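Fair warning: this is a prediction, and the values are worked out from it, not measured in the lab. Naming: A, B, ... by sequence-line order, numbering from 1 per chain.
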Number of protein chains: 2
Amino acid sequence: MTPAAIAAAALALGDRDGRQAMSMRRIAADLGCDPMAIYRHFPNRDALLDAVADLALADVDDPGPDSGWSPRIATILTGVRAAALRHPGIAAHVAARPPLGTNGARLGAGIYAALAAAGLPPAGVVFAAQALVAYVAAALAMAVEAGTRDARWHEVSRSMDGLPGEVMPVVGSDEQFGYGLRLLLNGIAVEAAR
Amino acid sequence: MTPAAIAAAALALGDRDGRQAMSMRRIAADLGCDPMAIYRHFPNRDALLDAVADLALADVDDPGPDSGWSPRIATILTGVRAAALRHPGIAAHVAARPPLGTNGARLGAGIYAALAAAGLPPAGVVFAAQALVAYVAAALAMAVEAGTRDARWHEVSRSMDGLPGEVMPVVGSDEQFGYGLRLLLNGIAVEAAR
DNA sequence: ACCTGAACACCGTTCAAGT
DNA sequence: ACCTGAACACCGTTCAAGT
């Protein structure tokens, strides 16, 4: 029983039974051990979920510098969102707490490098990276709760006199995600050109 | 005992005792009533917190169309963030579930109008508005948990060979928020000009 | 019919008691 | 010294029992 084995079992459990299965008690029951046994390998629940989240990002690819800074960022962040959504047990945690373990740091390094390649100064790299991560986190949270939130947004749209009319806002959709990401990448290009 | 009175009392309680005071049991204790009494006015906890969140946005101002679309959006969203941070009990809920009550709809209408004035087509207005709301939500969540997350980000920065070096990323700061908002507004301007 | 509060089905984590 | 599981201090919500 190692930290990695616990995290892998928890990830599989979450894939099977969803996010409400990710309690210390249910993970322990799945492992066939006492809940307290987990605390010998992780200081608390958040630390365990951080490890599970980082595991979920293992197969996200960084295309590297050859693909150009903007497609590189788009590929990484689209990959993070897709990977999180492939693992329903941990997606909400990825959204609430961007993983900064081994894989998170690897992908973060790719984003930093791409932003530097775009021409941003060091402070801009840090700010832009955090803005990108913030946006992905929120878009992911919306995708996780999609359906629930649709109705509320729909009402707001309807309350706007005349404006979008028949436009159906699909909160958390792939299209919605891509649009916002493009806005940020456009904005970064403007910032870098100054 | 009306829904509005319950929401106002809960907001005041949260201002005083923080977010962990926002449980049905503690709100009821503060009101001097049985926890179940609240359920006669709200179907569940989320509905109550939605009402509290909307109350917290009551004094956020929409400068209206005369100020130009970009400053108008910046003023509204900066105001939403500031208002949420002024109410520590409910800020996390605003971040997790953008309020779409009376005040949320009023401010949402301002954003929609501003985006239409910028020249976006109806579908673009809806997408851009959701991207803006997503960004504010995530930036707000980071501000709420500021301090906790700083250390992790700092480590990531340090792990990037050579890059930012002495740049200290302050997660959730006003400056960080403003930078990301500017990226989005820049991106919207690019999109509208197409 | 209305309303209360006991009870249900959980939590994360502490800590004392056992080995 | 190590490890377990009972216990603590909570949750949101249901529901039966009282008025």
Side-chain angles (χ1 to χ4, degrees), chain A residues 1-7 9-11 13-14 16-55 88-97 99 141 144-145 147-149 152, chain B residues 1-7 9-11 13-14 16-55 88-97 99 141 144-145 147-149 152:
Chain A
M1 185 128 118
T2 65
I6 294 170
L11 183 65
L13 173 65
R16 228 181 316 124
D17 291 358
R19 62 188 288 192
Q20 78 265 42
M22 301 299 272
S23 76
M24 298 301 269
R25 287 164 136 102
R26 289 183 66 168
I27 292 167
D30 185 65
L31 286 161
C33 73
D34 190 274
M36 284 291 91
I38 298 171
Y39 284 86
R40 306 217 318 109
H41 300 96
F42 295 97
N44 53 44
R45 181 168 175 264
D46 263 354
L48 166 58
L49 293 191
D50 284 347
V52 175
D54 206 68
L55 205 60
I90 202 66
H93 189 257
V94 173
R97 216 168 185 268
V144 167
E145 299 176 25
T148 316
R149 197 122 26 155
R152 296 165 71 226
Chain B
M1 187 127 118
T2 65
I6 294 169
L11 183 64
L13 174 65
R16 229 181 315 123
D17 291 359
R19 61 190 287 193
Q20 78 265 41
M22 302 300 272
S23 76
M24 297 302 268
R25 287 163 135 102
R26 289 184 64 168
I27 292 166
D30 185 63
L31 285 162
C33 73
D34 190 274
M36 284 293 84
I38 298 172
Y39 284 85
R40 305 218 316 113
H41 301 96
F42 296 98
N44 52 45
R45 182 169 176 264
D46 263 353
L48 167 57
L49 294 191
D50 283 347
V52 175
D54 205 68
L55 204 59
I90 202 67
H93 188 257
V94 173
R97 212 165 188 268
V144 167
E145 299 176 25
T148 316
R149 199 125 22 157
R152 295 165 71 226

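A/R19 places its CZ atom 14 Å from the P atom of C/dC11, with the value rounded to the nearest Å. A straight line from CE of B/M22 to P of D/dG12 spans 11 Å, rounded to a whole angstrom. Taking atom CZ on A/R26 and atom C1' on C/dA9, their separation rounds to 12 Å, with Å as the unit. Computed from coordinates, the B/M24 CE to D/dA9 C1' distance equals 19 Å when rounded to whole Å. Straight-line distance from the CZ atom of B/R45 to the P atom of C/dC10: 19 Å, rounded to whole Å. Between the CD1 atom of B/I27 and the C1' atom of D/dT13 there is a distance of 14 Å, rounded to whole Å.
Of the listed nucleotides (D/dC11, C/dC11, D/dG12), C/dC11 has the atom at the smallest distance from the side chain of A/R25.
Remark: the separation of the P atoms in D/dA9 and C/dC10 is 22 Å, to the nearest Å. Comparing the C1' positions of D/dT13 and C/dT13 gives an interatomic distance of 23 Å, to the nearest angstrom.
Using a 4.5 Å cut-off on side-chain heavy atoms (C-beta onward), B/D17 and B/D30 make no contact. Using a 4.5 Å heavy-atom threshold, the side chains of B/V144 and B/R19 count as touching. Between B/V52 and B/H93, every side-chain heavy-atom pair lies at or beyond the 4.5 Å cut-off. Counting only heavy atoms from C-beta outward, the side chains of B/M22 and B/R45 approach each other to under 4.5 Å. Residues B/D54 and B/D50 have side chains not in contact (no heavy-atom distance under 4.5 Å, counting atoms from C-beta outward).
Atoms CG and CZ, from A/L31 and A/R26 in turn, are 13.0 Å apart once rounded to the nearest 0.5 Å.
Residues of residues 28-42 of chain A having a heavy atom closer than 4.0 Å to DNA chain C, listed by number: A/M36, A/Y39.
Using N1 to N3 plus N6-O4 or O6-N4 for Watson-Crick, or N1-O2 and O6-N3 for G-U wobble, each under 3.5 Å, D/dT19 pairs with C/dA1. Across all strands shown, D/dA6 is found opposite C/dT14 as a Watson-Crick or G-U wobble partner, with both distances under 3.5 Å.
Without hydrogens or angle criteria, A/R16 side chain to A/G89 main chain gives no donor-acceptor distance under 3.5 Å.
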